[in-house]
Amino acid sequence: MSYIKDIINQVIENNPGEPEFHQAVTEVMESLQVVIDKHPEYIKAGILERIVEPERQVIFRVPWVDDQGKVRVNRGFRVQFSSAIGPYKGGIRFHPSVYLGIIKFLGFEQVFKNSLTGMPIGGGKGGSNFDPKGKSDGEVMRFCQSFMTELYRHIGADIDVPAGDIGVGSREIGYMFGQYKRIRNSFESGVLTGKGLIYGGSLVRKEATGYGLVYITDQMIKAGGKSLEGARVVISGSGNVAIYCAEKVAQLGGTVIAMSDSNGYIYDSEGIDLDTIKQLKEVERKRIKEYKEIHPRAEYHEGTFSIWEVPCDIAFPCATQNELDEKAAKTLVANGCFAVAEGANMPSTPEAVDVFLSNNVLFAPGKAANAGGVATSALEMAQNSMRYSWSFEEVDARLKSIMTNIYRNISTAAREYGHEDNLILGANVAGFIKVAEAMMAQGIV
Ligand code: NDP
Ligand code: 2IT
């Protein structure tokens with residue numbers, strides 16, 4: 001274990017002030033002792049030392065002018081973590097909390113997640129501390145254009161392919177694609193994913209993360225002898241991942257009783273009306289509090305993360321990192337929750353994960369459970385390369401089969417490496433081995 005400990009300590013020392021990155025690296029590295037024991041050649045080839053160091057990190061100024069004519073400056077990031085198995089691939093996040101440590105943790109997670117999809121994609125992530133909330137359409141457009149005016153030189157269909165994440169949806173991808181196309185004078189549809197359907201987007205990409213999350217959860221809980229049918233479900237967030245998670249849960253017979261945004265949560269014992277959520281969040285960009293105006297039977301509670309106090313059978317954290325801590329995990333367990341599946345990236349703290357594992361809660365870690373989004377991005381890239389598009393049913397069937405494969409591979413890896421019920425270990429090991437083997441084949445680069 002001392003070799004692994006040394007790697008973790010080096011990462012902490014070399015990347016000061018980036019706790020989220022330390023957390024993500026520590027979790028993966030602690031899973032890898034069993035792999036290193038079987039593959040000492042990875043030590044000789046410095047696989048671990050190399051895999052924790054991004055291949056390239058770009059930080060840039062993003063100047064723009066607001067509606068009052070005032071000059072504003074934000075900071076932009078793109079971290080190109082690993083190109084061992086394909087071009088860098090991963091979303092862009094616009095949120096005031098973004099700094100280098102957040103983008104690095106997300107880029108690091110993305111490497112293993114993308115490997116698990118079985119698609120030929122490396123790992124990267126980008127973003128800015130820009131806050132889209134309360135900004136006009138014109139301000140968002142000018143920001144996106146300025147962001148792309150620097151980013152364009154670092155990306156490309158065979159180099160690095162960004163997509164959405166928190167604060168970046170089809171509107172922002174559209175503005176960024178428009179600016180990229182204008183600068184390059186070339187319609188390179190494969191440079192971004194999550195595009196609108198009429199200019200190269202893929203059917204099911206919008207739904208993919210949430211749908212994929214429920215597909216894999218369904219498999220996990222069936223294997224555990226339980227069912228989604230009739231389950232009371234709590235989903236944090238009310239953005240892209242949360243909304244399509246809720247849609248699929250309802251299709252499979254579960255009842256979503258609570259959802260949240262960054263201000264608070266709503267509780268509706270009869271089941272949340274998803275059309276209202278879509279109208280409020282996707283169309284009007286309003287606060288979830290407004291749900292109560294339309295459905296007076298619902299309750300609204302201030303305090304975004306107190307959503308975990310709502311008793312439920314299954315919990316899907318789909319908002320942000322570290323939103324579910326030890327106390328919340330204990331409350332969920334005490335209230336009878338039997339499964340937790342992570343739609344967000346690293347939403348459960350390490351202490352919360354320990355609570356779930358020690359109480360036999362079925363637990364699907366984010367890098368496997370939310371991989372349906374990036375997997376469908378890779379399907380979008382494939383369709384762009386073919387200059388062709390598949391039907392909804394075709395893409396959905398591929399997504400389902402990808403999630404089935406992920407579940408099988410991480411369960412097998414967990415079993416093979418001696419930790420039957422630990423899908424975290426299974427996901428880290430299965431995701432890692434493929435990247436490590438590609439790195440072995442390609443020499444010291
Ligand atoms: P959205 O911006 O569409 O939605 C995010 C939701 O989470 C919103 O309801 C937002 O509230 C809430 N939220 C965001 N930050 C915070 C915070 N700091 N505290 C409390 N609530 C917060 O993002 P996505 O749905 O795309 O992403 C959600 C999570 O899923 C992220 O962790 C992301 O990395 C991950 N993910 C996304 C994928 C995708 O394809 N989009 C794929 C895989 C993972 P509010 O509306 O008030 O801002
Ligand atoms: O975290 C993620 O996997 C995403 N935000 C989606 C990335 C992508 O390239 O589709």
Side-chain angles (χ1 to χ4, degrees), residues 20 86-98 102-103 105-114 116-117 119 121-127 131-134 155 160-173 192-195 201-202 204-213 235-246 259-266 277-278 280-282 284-290 303-307 316-324 342-348 366-381:
E20 297 84 1
Y88 310 109
K89 179 86 196 85
I92 290 177
R93 175 177 293 191
F94 292 164
H95 193 271
S97 62
V98 165
I102 294 276
I103 302 300
F105 115 66
L106 290 164
F108 183 73
E109 289 282 292
Q110 201 81 43
V111 174
F112 306 97
K113 182 197 305 192
N114 293 5
L116 286 173
T117 66
M119 308 292 288
I121 40 179
K125 201 84 185 192
D131 185 0
K133 260 197 215 91
I155 62 176
D160 182 357
V161 182
D165 194 82
I166 292 176
V168 177
S170 59
R171 173 181 64 168
E172 291 74 20
I173 293 291
L192 292 173
T193 60
K195 299 180 294 295
S202 172
V204 195
R205 175 61 189 91
K206 183 175 69 174
E207 295 84 357
T209 311
Y211 279 20
L213 171 65
I235 302 175
S236 64
S238 50
N240 174 266
V241 179
I243 287 176
Y244 293 95
C245 170
M259 291 180 82
S260 63
D261 66 11
S262 53
N263 293 98
Y265 75 88
I266 48 161
I277 297 286
K278 284 185 183 175
L280 287 175
K281 287 296 180 180
E282 292 186 328
E284 298 174 20
R285 298 177 189 279
K286 286 190 172 155
R287 303 283 76 210
I288 206 162
K289 189 180 186 171
E290 310 264 335
T304 176
F305 300 148
S306 42
I307 189 170
F316 290 100
C318 296
T320 194
Q321 64 278 348
N322 291 330
E323 57 167 303
L324 203 170
E342 297 185 322
N345 287 305
M346 209 169 75
S348 315
K367 62 172 78 65
N370 71 38
V374 73
T376 308
S377 278
L379 297 176
E380 181 172 334
M381 291 162 71

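All values below were derived from every heavy atom in this structure, side-chain atoms included, with hydrogens, water molecules and symmetry-related copies excluded. Residue numbers count from 1 along this sequence. In each ligand, atom 1 is the first atom listed, and ligand 1 is the first ligand listed.
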Atoms in ligand 1 with a heavy atom of [X] nearer than 4.0 Å:
X	result
K281	46 (O)
R287	45 (P), 46 (O), 47 (O)
A344	29 (C), 30 (O), 32 (O), 35 (C)
G343	30 (O), 35 (C), 36 (N), 44 (C)
K133	45 (P), 47 (O), 48 (O)
T320	15 (N), 16 (C), 17 (C), 18 (N), 19 (N)
G237	7 (O), 9 (O)
C318	28 (C), 29 (C)

Identify the protein heavy atom lying closest to [atom], giving its residue, its atom name and the separation to 0.1 Å.
atom	value
atom 13 (N) of ligand 1	A319 CB, 4.1 Å
atom 2 (C) of ligand 2	K113 NZ, 3.2 Å
atom 39 (C) of ligand 1	T209 OG1, 3.5 Å
atom 7 (C) of ligand 2	G91 N, 3.5 Å
atom 3 (O) of ligand 1	N240 N, 2.9 Å
atom 24 (P) of ligand 1	V241 CG2, 3.9 Å
atom 27 (O) of ligand 1	I166 CG1, 3.7 Å

So which heavy atom on [X] is nearest to which on [Y], and how close?
X	Y	value
E282	Y244	OE2-OH, 2.9 Å
N370	A344	ND2-O, 3.0 Å
D261	S238	CB-OG, 3.7 Å
L213	C245	CD2-SG, 3.8 Å
I92	P162	CD1-CB, 3.6 Å
S236	C318	OG-N, 2.9 Å

Any nitrogen or oxygen of [X] lying under 3.5 Å from a nitrogen or oxygen in ligand 1? Just yes or no.
X	value
K113	no
Q321	no
S238	yes
N370	no

Salt bridge (charged side-chain N to carboxylate O under 4.0 Å, His left out), paired with E284, selected from K281, K286, R287:
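Of the listed options, the one satisfying the test is K286.
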
Given E380, which partner from the list R205, K195, K206, K89 fulfils the salt bridge (charged side-chain N to carboxylate O under 4.0 Å, His left out) test?
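The single option meeting the salt bridge (charged side-chain N to carboxylate O under 4.0 Å, His left out) with E380 is K195.
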
Once you round to the nearest 0.5 Å, how far does [atom1] of [X] lie from [atom2] of [Y]?
X	Y	atom1	atom2	answer
L379	T193	CG	OG1	10.5 Å
M119	N114	CE	CG	10.5 Å
E323	T304	CD	OG1	7.0 Å
K125	I102	NZ	CD1	11.0 Å
I288	I307	CD1	CD1	7.5 Å

Please check if atom NZ in K289 has more than 12 non-hydrogen atoms from other residues, nucleotides or ligands closer than 6.0 Å.
no

Of the choices E109, K89, K125, which has the non-hydrogen atom that lies closest to atom 1 (O) of ligand 2?
K125

Within the structure, does R205 bring an N/O atom to less than 3.5 angstrom of an N/O atom in ligand 2?
yes

Could a heavy atom of [X] be found less than 4.0 Å from some atom of ligand 1?
X	answer
R93	yes
M346	no
G167	yes

Hey, is [X] touching ligand 1 through its side chain, its backbone, both or neither, going by heavy atoms under 4.0 Å?
X	answer
E342	neither
H95	side chain
T304	side chain

Can you tell which part of N345 has a heavy atom less than 4.0 Å from ligand 2: side chain, backbone, both or neither?
side chain

E380 and ligand 2 - part of the residue with a heavy-atom distance under 4.0 Å
neither

Determine, step by step, whether R285 and R171 satisfy the side chain to side chain contact (heavy atoms under 4.5 Å, CB included) criterion, reporting the C-alpha distance in whole Å, the side-chain angles of both residues, the deciding distance to 0.1 Å, and the verdict.
CA-CA 12 Å; R285 298 177 189 279; R171 173 181 64 168; 3.2 Å; yes

Give the intermediate values and the outcome of side chain to side chain contact (heavy atoms under 4.5 Å, CB included) for residues S306 and Y265.
CA-CA 8 Å; S306 42; Y265 75 88; 3.7 Å; yes

Subset of ligand 2 atoms that lie under 4.0 Å from at least one heavy atom of S377:
8 (C), 9 (O), 10 (O)

Can you sort out which atoms of ligand 2 are near A163, meaning under 4.0 Å from one of its heavy atoms?
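Close to A163: 8 (C), 9 (O), 10 (O).
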
Say whether G164 and ligand 2 are in contact under the criterion: heavy-atom distance to a ligand atom below 4.0 Å.
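In this structure, G164 qualifies as a contact of ligand 2 - some heavy atom is under 4.0 Å.
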
Any Q110 heavy atom less than 4.0 Å from ligand 2
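It does; at least one heavy atom falls under 4.0 Å.
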
Compare all side-chain heavy atoms of N345 with those of K113 and state whether any distance is below 4.5 angstrom.
yes

